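Just so we're clear, the structure is a prediction, and the values are computed from it rather than from any experiment. Note on naming: letters A, B, ... go to the chains in the order of the sequence lines (proteins, then strands), and numbering restarts at 1 for each one.
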Amino acid sequence: MKAVWTIAMKDLKLLGRNRAAFFWVLGFPILIALFFGSISGGGGKSAPLPVAIADLDRTDYSRAIVERLLASDALRASVAPLDSARTLVRKGDLVGYIALHPGTGKSFGFGGDSASGIEIGVDPRRTAEKEYLRGLVTAATFETMRGSFSSGYGKRQIEENLASLRADTAIAPGAKARSQEFYRSLETFLAALESSGVGGGSPAAKPAGGGPNIRVVEVAEEDTGPRTAFEVTFPSSIAWALIGVCMSFAISIVSERVSGTFLRLRLAPVSRAQVLAGKGLACFLASMFSVTALLAIGVVLFRVRVSNPAMLAAAIVCAAFCFTGVMMLVSTLGRTHQSVSGAGWAIMLVMSMTGGGMIPLIAMPAWMQSISNFSLVKWAVLSVEGAVWRGFGWGEMLPVLAVPIAAGLVGIALGTRALQASDR
Amino acid sequence: MSAIRVADLEKSYGTLKAVDGVSFDVARGETLGLLGPNGAGKSTTIAMVVGALRPDRGSVTVDGETDPTRPSLRARIGVAPQSLALYEELTAEENLAFFGRLYGLSGARLRARVEWALAFAGLADRRGDRVRNYSGGMQRRLNLVCGLIHDPPVLLMDEPTVGVDPQSRNAIFESIEALKREGRTIVYTTHYMEEAERLCDRVAILDRGKILALDTVEGLLRAHGGSPTVEIVFAGDSAEPRRPDLAAFGGDWDGPRWRVRHARPNDVLQRAMSGGDAFSHVSIERPSLESVFLTLTGRTLRD
């Protein structure tokens with residue numbers, strides 16, 4: 001094992017010193033991920049938030065809020081029933097929903113009990129989007145309220161509400177007094193808005209209660225799809241990382257054979273199997289490093305989620321093993337750099353094109369997905385996607401992992417056999 | 001017991017017989033040269049001796065063991081391949097340490113051997129430089145010591161001076177002479193007759209996969225080298241017609257220049273001087289391995 005480790009460490013050192021090879025192993029896949037991720041919409045930071053609006057109040061006031069939200073550049077909003085909106089958020093198709101419950105118009109969105117007022121539904125992990133949405137809804141409510149006062153609707157509604165309060169004997173005197181105080185302060189606030197001509201007013205002028213009655217409801221997403229384009233492109237780009245490592249080592253084997261260092265390795269008191277195992281171990285470790293580094297960059301900088309880290313680790317190990325076998329086989333496709341490089345890249349490009357390295361698996365038409373079954377890249381990418389955003393269970397993942405393991409074993413067996421035969 | 005015994009080795013590539021019934025013994029501490037032109041079968045023979053190639057026929061015995069692929073035997077053999085078998089992106093020190101580890105060296109022993117090898121190759125002050133920045137001669141020297149890192153008693157060197165400048169070549173010769181003095185058994189392939197003459201105790205002349213002759217350099221010269229050649233250039237207008245007394249020796253005249261091959265060159269010189277003519281040039285050329293090869297094959301080593 002010491003000899004195997006010695007050979008592997010030497011190869012990794014050589015790879016580290018070969019800037020061109022290192023670029024293909026790590027730099028190029030990152031560029032691919034960033035390029036396709038960016039042109040596919042990227043992380044969605046600056047894009048309008050997709051939301052649904054459910055108007056359950058159906059008053060002029062609530063309709064005015066809906067109109068403002070639909071007109072907002074910060075939102076890609078559509079009107080939907082509340083149940084549908086919740087479902088779409090749960091599936092991850094929407095960032096959130098906004099529900100205007102009955103009573104919103106009567107209370108201007110400020111009052112009412114917990115069942116009335118305005119509701120925002122969003123995944124609890126989307127903390128930034130939650131606050132952003134709250135701000136947008138608050139602004140829309142204030143704007144609507146100001147507009148309603150200008151149109152006379154607000155003033156009339158306040159007067160109606162105050163009259164209704166006075167006539168209502170069922171309300172406790174304390175609660176009645178607080179409600180009356182709220183409507184009076186609201187009237188004062190709206191008058192101030194009207195005279196200043198600015199939205200929102202100063203904090204001191206805001207009505208009692210501090211702001212609209214907005215409550216946030218947590219709607220956990222079911223993780224059934226990629227949340228950002230990077231969640232698709234980073235797993236896809238591992239194909240390039242694996243191909244880069246595979247080709248680097250395949251060419252390094254033929255380089256060693258051409259230059260004579262392979263002969264020196266074989267003349268050392270180590271078995272041929274140990275020499276090849278050393279090569280394979282180096283390729284395996286480099287593949288693991290490359291894929292892990294790539295996904296780490298995706299997770300840290302581009303908010304790629306990993307739904308199951310243990311599954312991802314298994315996927316990386318299997319993918320690295322698979323391409324170690326491919327490397328062994330590719331290295332026997334010729335006796336010169338040119339022949340191995342030419343044949344190797346030809347095979348790799350076809351596997352990448354059909355396996356999700358260029359067109360993401362999720363975007364492939366059905367006929368292409370059928371073809372992709374013959375590409376080892378597909379199984380490597382699919383296993384990583386399964387752990388990242390497809391939400392695979394182990395029952396789904398194990399058959400997917402079996403393919404790269406089997407391919408790796410076959411590649412190692414055939415490659416080793418061919419290498420040994422070619423040396424005789 | 002011989003350190004190396006090769007018996008009736010054969011190796012073919014398709015219809016080409018690269019090695020055809022090669023046999024030789026190398027005694028302990030002896031340096032055997034395999035001299036022949038490119039394609040004679042020298043490297044193929046070496047490859048079979050070290051177990052890198054499997055012979056079609058014949059046997060190899062090194063240190064009493066008949067399987068040169070056995071790790072225990074390989075640890076006792078050092079090889080300097082013809083092509084530069086070095087990692088260009090590693091330093092000399094890293095190359096040596098890597099190959100040393102493969103031979104089971106570690107710790108203080110590995111460090112000591114690396115230091116020895118760097119000093120032996122004259123590369124101690126360039127130890128930290130990557131090999132790709134070395135001159136051809138430095139790379140050749142490193143290539144040689146990489147095969148010595150594990151201190152093997154048996155060395156096989158396949159044309160270790162190919163493509164190096166005269167200075168580095170001389171340094172390599174001196175290194176090999178030092179190894180000889182240490183009592184190592186060496187098989188040395190070359191197509192330079194001067195190297196074989198200088199370094200080898202015995203020389204096997206190889207051509208087209210066969211050993212044509214194997215003996216000491218003197219023995220080969222005696223048996224196949226022919227007579228020495230005397231060359232005299234007479235001063236003034238001396239010419240053949242004025243020296244009929246030399247006609248008995250034969251030879252060729254080219255104006256005042258006379259060249260003749262004779263087993264006893266002193267007799268020729270004495271006869272030439274007896275006429276009282278002045279000479280502007282006199283030389284006696286000993287037969288060389290080149291002439292041995294010419295005699296044996298009808299071709300020169302460079303053909």
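Surrounding CD of E182(B) are more than 12 heavy atoms belonging to other residues, nucleotides or ligands, all under 6.0 Å away. More than 12 heavy-atom neighbours from other residues, nucleotides or ligands sit within 6.0 angstrom of CZ on R76(B). Within 6.0 Å of atom CH2 in W116(B), more than 12 heavy atoms from other residues, nucleotides or ligands are found, so the atom counts as buried in its surroundings. More than 12 heavy-atom neighbours from other residues, nucleotides or ligands sit within 6.0 angstrom of CZ on R28(B).
Exactly one residue among V79(B), T69(B), I77(B) makes a side chain to side chain contact (heavy atoms under 4.5 Å, CB included) with L267(A). That residue is V79(B).
Here CG of L53(B) is found 7.5 Å from CZ of R266(A). Values are rounded to the nearest 0.5 Å. Note that CZ of R101(B) and CE of M9(A) are 11.0 Å apart. Values are rounded to the nearest 0.5 Å. Considering OG1 of T261(A) and CG of L84(B), their distance stands at 10.5 Å, rounded to 0.5 Å. The structure places CG of D11(A) at 6.5 Å from OH of Y87(B), a figure rounded to the nearest 0.5 Å. Interatomic distance, S255(A) OG to E88(B) CD, rounded to the nearest 0.5 Å: 10.0 Å.
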Exercise for review: Go through F98(B) and L265(A) one step at a time and tell me if the side-chain contact (heavy atoms from CB on, under 4.5 Å) criterion holds.
Suggested key: CA-CA 10 Å; F98(B) 169 68; L265(A) 293 181; 3.6 Å; yes

Exercise for review: Would you sort out whether L90(B) and R17(A) count as a side-chain contact (heavy atoms from CB on, under 4.5 Å), showing the intermediate values?
Suggested key: CA-CA 9 Å; L90(B) 299 184; R17(A) 289 185 183 175; 3.8 Å; yes

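Across I7(A), V258(A), N18(A), the residue that shares the most heavy-atom pairs under 4.5 angstrom with chain B is I7(A). Contact count against chain B (heavy-atom pairs under 4.5 Å) is highest for A268(A) among A3(A), A268(A), G260(A), G278(A). For chain A, the option among S72(B), S106(B), G51(B), S83(B) with the highest count of heavy-atom pairs below 4.5 Å is S83(B).
Taking each heavy atom of E89(B) and L14(A) in turn, the nearest pair found is CB-CD2, 3.7 Å. Here the closest heavy-atom approach between residue L105(B) and residue K2(A) is recorded as O-NZ, 4.2 Å.
With a 4.5 Å cut-off on non-hydrogen atoms, R130(B) touches chain A through its side chain but not through its backbone. Interface residue E94(B): only side-chain heavy atoms are found under 4.5 Å from chain A. Using a 4.5 Å cut-off between heavy atoms, Q274(A) does not touch chain B at all.
Residues R264(A) and N143(B) meet the side-chain proximity criterion, which asks for heavy atoms closer than 4.5 Å.
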